[in-house]
Amino acid sequence: FEAERQRVAELQIISSVQAGLAKELDLQAIVDVVGDKLRETFGGQSTYIALYDRATDMLSIPYWVGDEGQRIHADPVPLGQGLTSIVINSRQPLAIGTAEEGRELGAVIVDDGSGREDQPESWLGVPMLSGNEVIGAIVVQDWPKNHYTENDVRLLSTLASSLAVSLQNARLFEAERQRVAELQIISSVQQGLASRLDYQGIIDLVGDKIGEIFDAQVVTISLYDSQTETIGERYALERGKRQEVAPPHKVGAERIAEYLRGQRRLFNTVQSM
């Protein structure tokens, strides 16, 4: 009777989570729905959901809430260290009954901002699997030793499966929505270009649209002249205001080769530019 009653309670929790997921298509909202239900169900010292990006081999934590209900911020970290990485690499649940056992397995202590020096004894993490791909992990922690049971592992694993499916659907929906938005932008630019024959007017139209789309602090459009081997700005926008363009100037052979190849560059720091 007790096992049956517990199973009914688990099904009610799963049904509640799935009903909430069915209403959400935003990735962060989906994570929040599951995270909040986990805290309500398991309680404990903290709950977090980690997402794994295979392309960068990094873990991000979009949901981490402490025992007092405070949201905790964590920067992305490389996969490889800590118990969460063990769960993701092994693709298997991991239950730790004592803090000492966790340290022996390579647990990484992260400051949660609470100021407490003692650590929770029990730790439970399960992987989120979408088909054959692991996309993250769900983790709950609590103060008592040997706190989590096989029933907890089963319930958390089931919730992880539901979350994985919903996250993949959200990503597909977001990709499709972004593609539609891109096509609308391209169509808008092409309609504007079709109505203009003025050379500078076309450049201005594209520059204004780029500034609008990316909300960029600076936008410049420069043209390369192969006859004079110079490059000159034809459009400059800074903080929403048009700027005087720089005069044409000579460029080196390496940069010329880049222009001729149509090579794209992406820089995320000033030092790398």
If we ignore hydrogens and angles and just use 3.5 Å, is the side chain of Gln92 paired with the main-chain N or O of Pro127 as donor and acceptor? no
Under 3.5 Å, side-chain donor or acceptor atoms of residues 77-89 against the rest of the protein: list the pairs with distances, not counting sequence neighbours.
residue: Thr84; atom: OG1; partner: Tyr48; partner atom: OH; Å: 2.6
residue: Ser85; atom: OG; partner: Gly80; partner atom: N; Å: 2.9
residue: Ser85; atom: OG; partner: Gln81; partner atom: O; Å: 3.1
residue: Asn89; atom: ND2; partner: Ser85; partner atom: O; Å: 3.2

Do Ile72 and Trp123 land in one hydrophobic cluster if side-chain heavy atoms of ILVMFWY residues count as linked below 4.5 Å? yes
Taking CD in Glu244 as the centre, count heavy atoms belonging to other residues, nucleotides or ligands within less than 6.0 Å. Is the count above 12? no
Set of residues satisfying salt bridge (Lys or Arg N to Asp or Glu O under 4.0 Å) with respect to Arg71, sequence neighbours excluded: Asp32
Here the gap from Gln168 atom CD to Ile135 atom CD1, rounded to the nearest 0.5 Å, amounts to 4.5 Å
Nearest-0.5 Å distance, CG of residue Asp152 to CG of residue Leu156: 8.0 Å
With rounding to the nearest 0.5 Å, note down the distance linking CE in Met128 to CG in Leu163. 5.0 Å
List, one per line, each side-chain donor-acceptor pair under 3.5 Å for residues 95-110, sequence neighbours excluded.
residue: Thr98; atom: OG1; partner: Glu101; partner atom: N; Å: 3.1
residue: Glu101; atom: OE1; partner: Gly97; partner atom: N; Å: 3.2

Could you state whether Leu51 and Leu59 fall into the same hydrophobic cluster, counting links through intermediate Ile, Leu, Val, Met, Phe, Trp or Tyr residues with side-chain heavy atoms under 4.5 angstrom apart? no
So, applying side-chain contact (heavy atoms from CB on, under 4.5 Å) with Leu237, which one of Ile221, Thr220, Val219 is it? Val219
Is Leu38 reachable from Val153 through a run of I, L, V, M, F, W or Y residues, each pair having side-chain heavy atoms under 4.5 Å apart? yes
For Tyr148 and Asp142, does a side-chain donor sit closer than 3.5 Å to a side-chain acceptor? no
Gap separating the CD atom of Glu133 from the CZ atom of Arg91, nearest 0.5 angstrom: 8.5 Å
Arg39 side chain to Val34 backbone, donor-acceptor under 3.5 Å: no
For Thr47 and Val140, indicate whether the former's side chain and the latter's backbone hold a donor-acceptor pair under 3.5 Å. no
So, do Arg54 and Val134 sit near enough that their side-chain heavy atoms are less than 4.5 Å apart? yes
For the residue pair Ile138 and Tyr63, establish whether any side-chain heavy-atom pair is separated by less than 4.5 Å. no
Go through the structure and list residues passing salt bridge (Lys or Arg N to Asp or Glu O under 4.0 Å) with Arg242, not counting sequence neighbours. Asp204
Nearest heavy-atom neighbours spanning Gly66 and Ser46: CA-CB, 4.1 Å
Smallest separation among heavy atoms of Ile49 and Pro62, with atom names: O-CD, 3.1 Å
Quick check: do Ile30 and Leu167 have side-chain heavy atoms less than 4.5 Å from each other? yes
Quick one: does Gln243's side chain have a donor or acceptor within less than 3.5 Å of a partner on Lys241's backbone? yes
Of the non-hydrogen atoms in Gln119 and Trp143, which two are nearest, and what is the gap between them? C-CZ3, 3.6 Å
Output the distance between atom CD (Gln217) and atom CZ (Arg239), rounded to the nearest 0.5 Å. 4.5 Å
Regarding Thr230 and Thr228, do their side chains bring together a donor and an acceptor under 3.5 Å, going by distance alone? yes
List the atom pairs, with distances to 0.1 Å, where a side-chain N or O of residues 207-215 and a protein N or O form a donor-acceptor pair under 3.5 Å, not counting sequence neighbours.
residue: Asp208; atom: OD1; partner: Tyr235; partner atom: OH; Å: 2.6
residue: Lys209; atom: NZ; partner: Ser188; partner atom: OG; Å: 3.4

Polar side-chain atom of Thr158 near backbone of Arg154 as donor-acceptor pair, under 3.5 Å: yes
How about Val126 and Leu94: do any of their side-chain heavy atoms sit closer than 4.5 Å? no
With distance as the sole test, does Ser122 use its side chain to make a donor-acceptor pair with the main-chain N or O of His147 at under 3.5 Å? yes
Shared hydrophobic cluster, Val165 / Tyr52 (ILVMFWY, side-chain heavy atoms < 4.5 Å): no
For Glu182, what residues pass the salt bridge (Lys or Arg N to Asp or Glu O under 4.0 Å) criterion, not counting sequence neighbours? Arg179
